[in-house]
Amino acid sequence: MQKLKSIYNKLLKHFGPQHWWPGDTPFEIMIGAILTQNTNWGNVEKAIDNLKGARVLGARDLGKINLKKLGELIRPSGYFRVKARKLKVFCRWLIKQGGVRQLKKQNIQSLRPQLLEIWGIGPETADSMLCYALDKSTFVVDAYTKRIGNRVGLFKFQDYHQIKDFFEQNLPKDLDLYKEYHALLVELGKNYCKPKPVCDSCPINRLCKKKPLRGEEQRAC
DNA sequence: CACCAGGAATGTA
DNA sequence: TACATTCATGGT
């Protein structure tokens, strides 16, 4: 579908390359993927800074650190009790797998289901890890992707894998394209595609106005 | 004050 | 299958 590339080109021209994912190492990216669940990235940075300050930003450290202490360190990221448990579960799993280097050797067909079995890791978190930390070609879908796609009229469904398949089947299988496209959709969403839209200067305004959602006819997007 | 943020697990019908 | 609820801090 040419429309997908057209949107991508507009976003890239408007926002420029996003060079995602922010993070120094693949492990840090994977931890960030858990911490950023339904949370502002700025808050995640504070949590990661705390982990660095406490010198526990490693699978071994996080695997054995006191659960309550870990919760205090990541408190700024929100849901800190749940996320502390998620981090420990993931790190124990990672150690058992032999670390990030071993993960990268696996193919996505076997690795993705394994990630999804881990308590606390859903489809978006798994795909974020696969795409941005492990360099596997999988398209990441998030709340913005769903919202933008439906408002623009690209598709009419909400299911994660349906949307993921839509992008992957209508784009060339290109890791860098996947990485950049998702990052650009997030940037668009943060600025112009909130639940209560502010689309007056939306860079893909013309597309948005084609098919507004029912009940949103009076909205700009 | 209300609203939102780069979700996922759990429970209900 | 499709929703509703819970988890929680911090910025605007």
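Within every chain, numbering begins at 1; the chains are lettered A, B, ... in the order of the sequence lines, protein sequences first and strands thereafter. Just so it is clear, the model here is predicted, and its values are computed rather than measured.
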Participant: Rounding to a whole Å, what distance do you find between A:Glu124:CD and B:dA5:P?
Facilitator: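 Taking CD of A:Glu124 and P of B:dA5, I get 12 Å after rounding.
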Participant: Using OP1 and OP2 only, check whether a side-chain N or O of A:Tyr160 sits under 4.0 Å from B:dG7.
Facilitator: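 False: A:Tyr160 side-chain N/O out of range (4.0 Å or more) of B:dG7 OP1/OP2.
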Participant: Closer than 4.0 Å, any side-chain N/O of A:Arg81 to the OP1 or OP2 of C:dC7?
Facilitator: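 Result: no.
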Participant: Using the P atom on both, measure B:dT10 against C:dA8 and round to a whole Å.
Facilitator: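 Here B:dT10 and C:dA8 have their P atoms 14 Å from each other.
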Participant: May I ask you to say what A:Tyr79 touches in the nucleic acid, namely base, sugar-phosphate or nothing, with a heavy-atom cut-off under 4.0 Å?
Facilitator: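 Base contact - A:Tyr79 has a heavy atom under 4.0 Å of at least one base atom.
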Participant: CD1 of A:Ile34 versus P of C:dA8: gap in Å, rounded?
Facilitator: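 After rounding, the reported distance stands at 15 Å.
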Participant: Considering only NZ, NE, NH1 and NH2 on the basic side and carboxylate oxygens on the acidic side, decide whether A:Lys136 and A:Asp127 come within less than 4.0 Å.
Facilitator: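 Looking at A:Asp127 together with A:Lys136, the answer is no, because their closest N to O distance does not fall below 4.0 Å.
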Participant: If the P atom of B:dC3 is compared with that of C:dT5, how far apart are they to the nearest Å?
Facilitator: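 Looking at atom P only, B:dC3 and C:dT5 are 16 Å apart.
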Participant: Roughly how far apart are A:Leu12 CG and A:Leu184 CG, rounded to 0.5 Å?
Facilitator: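 Spacing of CG (A:Leu12) from CG (A:Leu184) equals 6.0 Å.
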Participant: I want to verify a distance call: between B:dG7, C:dC7, B:dA5, whose nearest atom is closest to the A:Gln37 side chain?
Facilitator: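 For the A:Gln37 side chain, the nearest candidate turns out to be B:dG7.
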Participant: Base, sugar-phosphate or nothing for A:Val82? Non-hydrogen atoms, less than 4.0 Å.
Facilitator: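 Sugar-phosphate contact only - A:Val82 comes under 4.0 Å of backbone atoms but never of a base.
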Participant: For A:Phe155 and A:Phe167, take the angle between the two ring planes, folded into 0 to 90°, and tell me which bin it lands in: parallel under 30, tilted 30 to 60, perpendicular over 60.
Facilitator: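 Perpendicular: the ring planes of A:Phe155 and A:Phe167 meet at over 60°.
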Participant: Both A:Gly189 and A:Gly120 contact DNA chain B. Which one's nearest nucleotide lies toward the 5' end?
Facilitator: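 Its nucleotide being nearer the 5' end, the pick is A:Gly189.
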Participant: Roughly, in whole Å, what's the span from CG in A:Leu116 to P in B:dA9?
Facilitator: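 To the nearest whole Å, that distance equals 9 Å.
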Participant: Rounded to whole angstrom units, what separation is found between the CZ atom of A:Arg85 and the P atom of C:dT6?
Facilitator: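 To the nearest whole Å, that distance equals 16 Å.
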Participant: Over all strands shown, is A:Gly122 touching base, sugar-phosphate only, or nothing at heavy-atom distances under 4.0 angstrom?
Facilitator: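 Touches sugar-phosphate only.
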Participant: Quick one: A:Lys146 NZ to B:dG7 P, roughly how many Å, whole number?
Facilitator: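 For the pair A:Lys146 NZ and B:dG7 P, the rounded distance is 9 Å.
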Participant: Considering every strand and a 4.0 Å limit on heavy-atom distances, what is the contact class for A:Leu185: base, sugar-phosphate, or nothing?
Facilitator: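 Since no nucleic acid heavy atom lies under 4.0 Å of A:Leu185, the category is nothing.
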Participant: Counting just side-chain N and O atoms, does A:Trp119 come under 4.0 Å of either OP1 or OP2 of B:dT10?
Facilitator: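 True: A:Trp119 side-chain N/O within range (under 4.0 Å) of B:dT10 OP1/OP2.
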Participant: Should A:Lys46 be listed as having a side-chain N or O under 4.0 Å from OP1 or OP2 of C:dG11?
Facilitator: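 Yes.
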Participant: Answer with base, sugar-phosphate or nothing: what part of the nucleic acid does A:Ile74 contact at a heavy-atom distance below 4.0 Å?
Facilitator: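 No contact at all - A:Ile74 keeps every heavy atom at 4.0 Å or more from the nucleic acid.
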Participant: Answer yes or no: is there an ion pair linking A:Glu72 with A:Arg75, defined by an N-O contact shorter than 4.0 Å?
Facilitator: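 Result for this pair is yes, salt bridge flagged.
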Participant: Would you call A:Lys164 and A:Asp159 a salt bridge, using N to O less than 4.0 angstrom?
Facilitator: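 No, no charged N to carboxylate O under 4.0 Å.
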Participant: If you look at every strand shown and take non-hydrogen atoms under 4.0 Å, does A:Ala33 touch a base, only sugar-phosphate, or nothing?
Facilitator: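 The residue A:Ala33 makes no contact with any strand.
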Participant: Is the count of non-hydrogen atoms from other residues, nucleotides or ligands lying under 6.0 Å from A:Lys5 atom NZ greater than 12?
Facilitator: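 At most 12 heavy atoms, drawn from other residues, nucleotides or ligands, come within 6.0 Å of this atom.
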Participant: So does A:Thr125 get a side-chain nitrogen or oxygen closer than 4.0 Å to the phosphate oxygens (OP1/OP2) of B:dA8?
Facilitator: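 Looking at the OP1 and OP2 atoms of B:dA8, one of them is under 4.0 Å from a side-chain N or O of A:Thr125.
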Participant: In whole angstrom, what separates A:Asn50's CG from C:dT9's P?
Facilitator: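 My rounded result for the distance is 14 Å.
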Participant: To the nearest Å, give me how far apart CZ (A:Arg147) and P (B:dC4) are.
Facilitator: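 About 8 Å, once rounded to whole Å.
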Participant: Would you indicate which nucleotide in C:dA8, B:dA8, C:dT9 comes nearest to any side-chain atom of A:Asn43?
Facilitator: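 The nucleotide sitting nearest to the side chain is C:dT9.
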Participant: Tell me: NZ of A:Lys194 to P of B:dA2, nearest whole Å?
Facilitator: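 Atom NZ in A:Lys194 sits about 18 Å away from atom P in B:dA2.
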